[in-house]
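Everything below concerns the one structure shown next.
Letters go in sequence order (proteins before strands), and every chain restarts at 1.
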Amino acid sequence: MLELRGLGKRYTVREREVVALAEVDLALPPGSFTVVVGRSGCGKSTLLRLLAGLTAPTTGEISHSRGRPTVGCVFQEPRLMPWLTVTGNVGFGLVGKVAKVEIAARVEAALALVGLADFRHAYPDQLSGGMASRVGLARALVLEPELLLLDEPFAALDAFTRRGLQGELTDIWLARRPTVVFVTHDVEEAVLLADEVVHMDGGRIIGRRPVPLPRPRDATDRELVALRRAILDDLSGSAGRRPQPAQDFLHRDPFLHRDPFLQQETTP
Amino acid sequence: MVADAHWRDIPSYERMAIPGLARHAGAACVLIALLAAWWLASAGGLVSAFLLPLPETVLATGWELISDGTLGAHVAVSIGRILAGYGLAVALALPLAFLFGVSPAARRAFEPVLEFLRQVPPLAMMPLLILWLGIGEAQKIGIIVLACFFPIFLGALGGIAQCDPKLVEVGRVCGLPQRDLLRRIVLPAALPSIVIGLRIALGQGWRALVGAELVASAAGLGYMIVDAEQLARTDIVIVGIFVIGTLGLLADFGVRRLIARTAPWLRQRTEITHA
Ligand SMILES: Nc1ncnc2c1ncn2[C@@H]1O[C@H](COP(=O)(O)OP(=O)(O)OP(=O)(O)O)[C@@H](O)[C@H]1O
Ligand SMILES: [Mg+2]
């Protein structure tokens, strides 16, 4: 069990305090698939960074009942090493840990999975945005981690590729049962993938919705559509809520109208 | 007016995208024109043949210097010095840059001194070096080290400082220890800057060396030039200048080829017009 207790993270930006995460309590059972949704800037990436151990919490703690899990992380940006080919990037985390032949085999399998086998010798600056993000995904999957953290991994992909990779991710999860925390802005994606959808706002968890539907799931399934609608209502309900005072400036964000939630709200 | 404005709207790289052949043709034309101007000025008596010998005289002198081994000997001396000085500068500058990269305390302690030294042109240090090291090899090599050190050091330091912390995080998530983070992420990320520093240093070192050989030396290309000047052999001086320029070009070309071979991804990132 992975438990977050009173987890908080503050940043000081130009002598102003920004509360990125405020008192998050969350228990992630082993092998669970949690999807985090919430408005831009609500602290989702911060939560993942804390889980990945990349930054220390200002308050609270993360406890692991079975020792520190191995972590695979798909960042919000591809973060590829420009000096390595696709193969080198995907195998990056395995070098020095497993035998070379095994690295080669696992990398090939991961590349086939994300549909980039033909680009194994390409360098990152020769890839499109969506290809680069798939390389980032393969780099995390190839580690076969116990804890898999994904920050909007499919945001840069077309609907078709995205649907395919959602299926692959579900299969991998069913086969190996890592604990998954998945951040997305796409509510349909959330209900397709999750055991539980966690709704964040202003650095807090303000809602949780279990998704007790069998897999494989169909986006047009009635129950699924109803759940999706309910989550969209949750999100639009929180849209007018004032977040932490320190986050005030978000409401003056001129790009806020691009928030996908707001767009989805206006469609009937 | 309108046409002019339109032309300015075209991104400069499109204007510069002349096919390779045409670009080389342009360079060839300039070279031929310069040679022709030289020949005309000299043969036409515009400049006395003493000050500017005919191209063919210079060619003949060059051939003579090559066949009697004089040129080869001077070139060997100069190259030997540059190899020693450059190698020493690399051996000093790279580890120091890495030390400063990982230890901000060391950096803060040494930075003022290094900043001060950086302002002093290497040739200005020559009198001191002559007093300390005499006029032998040590002094020449010292000058080269001084000239090469800062480009290499600053290139490496800048490269390390500019390494994207987001890439380092990728390594941290994989559980890499500090040593591997440096070796597998920081070093390769800094490589373009390091390589640029190495390239600039090679040019600077070469120039400083020839300068040092001009002032106090008994061998080397710089010495060959001043010696010829004292004998009023303008042709030898010109041969020397050609050789110095050509060797500089060759060295730079060699470094670039090496980069292209060993690190193709570095190519666009390390192209500089002039060192
Ligand atoms: N390194 C940092 N320094 C200062 N403030 C930060 C830092 N990282 C995040 N923040 C702040 O913390 C808040 C939450 O950021 P976070 O990246 O977690 O949002 P998010 O939910 O992932 O948003 P998005 O959906 O846009 O990716 C924001 O207000 C942000 O400005
Ligand atoms: Mg984010």
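- Nearest heavy-atom pair, Gly93(A) versus Cys174(B), reported as atom, atom and distance to 0.1 Å: CA-SG, 3.6 Å.
- For the pair Leu187(B) and Trp83(A), the minimum side-chain heavy-atom distance is 4.5 Å or more.
- Closest non-hydrogen pair, Gly171(B) versus Phe92(A), comes out as CA-CE2, 4.1 Å.
- The minimum heavy-atom distance between Val95(A) and Arg184(B), with the atom names listed, is CB-NH2, 3.5 Å.
- Proximity of Glu169(B) to Arg49(A): side-chain heavy atoms (C-beta onward) are separated by under 4.5 Å at one or more points.
- The two residues Met81(A) and Leu167(B) make their nearest non-hydrogen contact at CE-O, 3.8 Å.
- Dense packing is recorded around CZ of Arg5(A), with more than 12 heavy atoms of other residues, nucleotides or ligands lying under 6.0 Å away.
- For OH of Tyr11(A), the number of neighbouring non-hydrogen atoms (other residues, nucleotides, ligands) closer than 6.0 Å is greater than 12.
- If you measure heavy-atom distances from Glu77(A) to chain B, the contacts under 4.5 Å come from the side chain alone.
- Proximity to chain A (any heavy atom under 4.5 Å) is shown, for Ile185(B), by both the backbone and the side chain.
- Between Leu84(A) and Pro188(B), every side-chain heavy-atom pair lies at or beyond the 4.5 Å cut-off.
- More than 12 heavy-atom neighbours from other residues, nucleotides or ligands sit within 6.0 angstrom of NZ on Lys97(A).
- If you take OG1 on Thr55(A) and CZ on Arg172(B), they are separated by 8.0 Å, rounding to the nearest 0.5 Å.
- When each of Leu149(A), Val71(A), Thr70(A) is tested with Val173(B) by the rule side chain to side chain contact (heavy atoms under 4.5 Å, CB included), just one qualifies, namely Val71(A).
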